[in-house]
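Since the model is a prediction, treat every value here as computed from it, not as a measurement. Atoms within each ligand, like the ligands themselves, are counted from 1 in listed order.
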Amino acid sequence: MTNIEEYIRLDAIVVGAGFAGLRALWSLQKLGLKTRVIEASDQIGGVWNFNRYPGARCDVESFDYSYRFSPELEQDWRWSERYATQPEILRYINHVADRFDLRQYIDLSTRMDQARYDEDAGQWVVTSDVGKCYRATYLILAVGQLSRPKDTTYPGQETFAGKVIYSANWPREGVDLAGKRIAIIGTGSSGVQMTPVVAREAAQLTVFQRTANYSIPAANAPVSDEEDAAVKANYRQRRENARRSPSGLGFIPNGASALEVSEEERELEYEKAWNRLGFGFALTYKDILLDLASNKTASDFIRKKIASRVKDPQLREKLTPEGFPFGTRRPSVDDGFYEAFNRDNVALVDLKETPIEKFTPTGIRTSAADLPFDIVIYATGFDAFTGSLLAPDISGRNGLTLAKKWEAGPVTHLGIGVKAFPNMFIIGGPGSPSLLSNVLLSTEEQLDWLTSFLEKARKDNVQEIEADAQAEQDWVEHVNERAAETLYLMTPSYYIGAEMPGKPRVFMPYSGGVRYYRRILENVAKEGYSGFTLR
Ligand code: N01
């Protein structure tokens with residue numbers, strides 16, 4: 001048991017040193033709060049520190065997937081590509097930490113094991129795996145939405161003589177793929193990004209696919225000096241446009257329904273979007289994610305494109321997504337995924353036809369064959385949204401644990417506050433736009449709002465901020481109502497908790513868009529932070 005003197009005493013403790021945690025630190029320091037960040041890894045960067053697999057890059061444009069809080073930073077940083085690679089993003093995060101002198105406030109290699117609300121003291125008591133203990137008024141959870149990788153295993157894996165690697169925990173020293181026989185299991189964004197890069201290095205690559213997903217070309221390109229100058233000349237306006245767009249990507253959806261226009265016009269629009277917009281393809285028409293018939297026009301267009309990219313008719317059929325509307329599982333953005341299957345050294349195993357039975361000492365046995373491998377890469381995804389929030393033991397009033405409170409699925413007010421967990425705030429969590437938006441923009445929106453809230457609370461001498469039960473109920477209803485207006489609920493995906501057996505099936509992110517979400521936050525503030533009890 002820790003002596004009371006041994007606690008590190010803070011105004012705020014932030015958990016996680018990724019994009020959100022660093023931004024929280026910067027904001028809270030500026031407010032004058034004594035703040036520390038604790039981070040389990042020995043390096044900062046969050047998902048960009050862990051996901052070092054070949055081909056990893058962001059699918060939001062670099063100019064938009066970057067901090068907006070410092071116009072000077074914006075002007076000084078030079079992105080080299082439209083979609084930045086993982087190493088470039090990690091360099092950027094490190095640059096920000098140095099530039100704003102943040103490192104001294106970050107405790108690395110310190111994993112939060114437990115956070116307990118001490119009601120008498122009105123403080124969060126945080127303990128870590130390295131024995132450091134903290135007491136803080138505010139607990140800010142910036143632990144990410146996709147930071148708890150699934151630990152997928154198959155029978156016999158321990159007998160396999162080769163290497164097993166998880167894409168979300170890629171060895172820092174790198175992996176020599178040259179001339180190796182490699183398996184990639186999983187065809188979400190990670191598997192799709194990795195495939196063409198691994199294919200170029202490997203002697204033989206076999207991709208194990210359970211569900212074919214829709215993927216759109218990234219349309220990546222170097223950022224020219226002219227483009228860099230043009231964006232920087234107007235950067236503030238670009239940020240404002242992104243804030244006002246529903247997705248935070250800066251694209252305003254075409255105001256028309258896909259069904260309102262002629263087939264020729266639609267094809268032309270899709271073609272333009274296909275060649276330029278990447279992820280923004282989903283916004284070519286306003287109702288692609290809202291109306292099934294409209295969605296079918298986009299889904300059919302993508303299927304046609306896949307057909308034109310894959311030469312072998314059997315492979316083409318297997319790689320073509322069927323049975324769910326485009327965008328209802330998160331689409332991938334790729335740089336040559338389908339074309340990789342035209343190479344002689346790349347094969348596909350359709351797990352629906354020939355499932356994996358087990359690993360053997362030499363490779364993988366499917367129901368059809370024994371396949372030899374040197375390296376098996378799992379790109380099987382994450383326990384999304386709630387995994388990293390529920391991994392530590394967090395308890396609020398009367399010892400109520402967050403796991404118990406969220407037994408039937410996450411409930412929050414605005415995705416930020418939780419009843420019975422006073423002074424605890426979640427950034428980018430369930431019930432907020434997070435993964436249905438430019439997540440960095442939503443993060444900064446939430447943190448700006450939260451900082452103003454805390455500033456006011458301190459001015460008014462408020463000791464405790466707690467979400468109301470009714471407000472929570474109303475928010476969950478609102479999140480569900482907005483989701484019901486979309487097609488998302490039609491498809492099992494990590495948006496609804498379908499990625500983990502036994503996980504409650506509830507819609508996790510907020511689908512109303514960042515613009516609408518911001519208005520709600522602003523109104524809540526105007527109403528004196530309605531839905532929160534301030535004591
Ligand atoms: O994970 P996923 P991811 N045996 O969950 C399959 C972000 N991200 O790491 O669909 C065999 O999407 C699973 O199959 P199924 C982005 O938000 C962004 O790829 O469950 N296969 C699926 O094919 C993204 O959405 C970027 O049938 C198994 C795959 O593994 C999110 O992270 C890059 C299996 C998992 O796909 C997650 O992407 C990378 C099993 N036991 C990631 N279990 C960019 O910015 C699962 N699968 C571009």
Under-4.0 Å salt bridge between Glu201 and Lys180: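 The answer is no: the pair does not qualify as a salt bridge.
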Ligand 1 and [X], any nitrogen or oxygen pair closer than 3.5 angstrom?
{"X": "Tyr53", "result": "no"}
{"X": "Arg330", "result": "yes"}
{"X": "Thr152", "result": "no"}
{"X": "Gln193", "result": "no"}
{"X": "Ser167", "result": "no"}

Heavy-atom contacts under 4.0 Å between [X] and ligand 1: side chain, backbone, both, or neither?
{"X": "Phe208", "answer": "neither"}
{"X": "Glu499", "answer": "neither"}
{"X": "Thr187", "answer": "both"}
{"X": "Arg329", "answer": "side chain"}

Any donor-acceptor N or O pair under 3.5 Å, side chains Arg23, Ser27: yes
Numbered atoms and elements of ligand 1 in range of Thr211, under 4.0 angstrom, heavy atoms: 10 (O), 15 (P), 27 (O)
With sequence neighbours excluded, residues passing salt bridge (charged side-chain N to carboxylate O under 4.0 Å, His left out) with Glu173: none
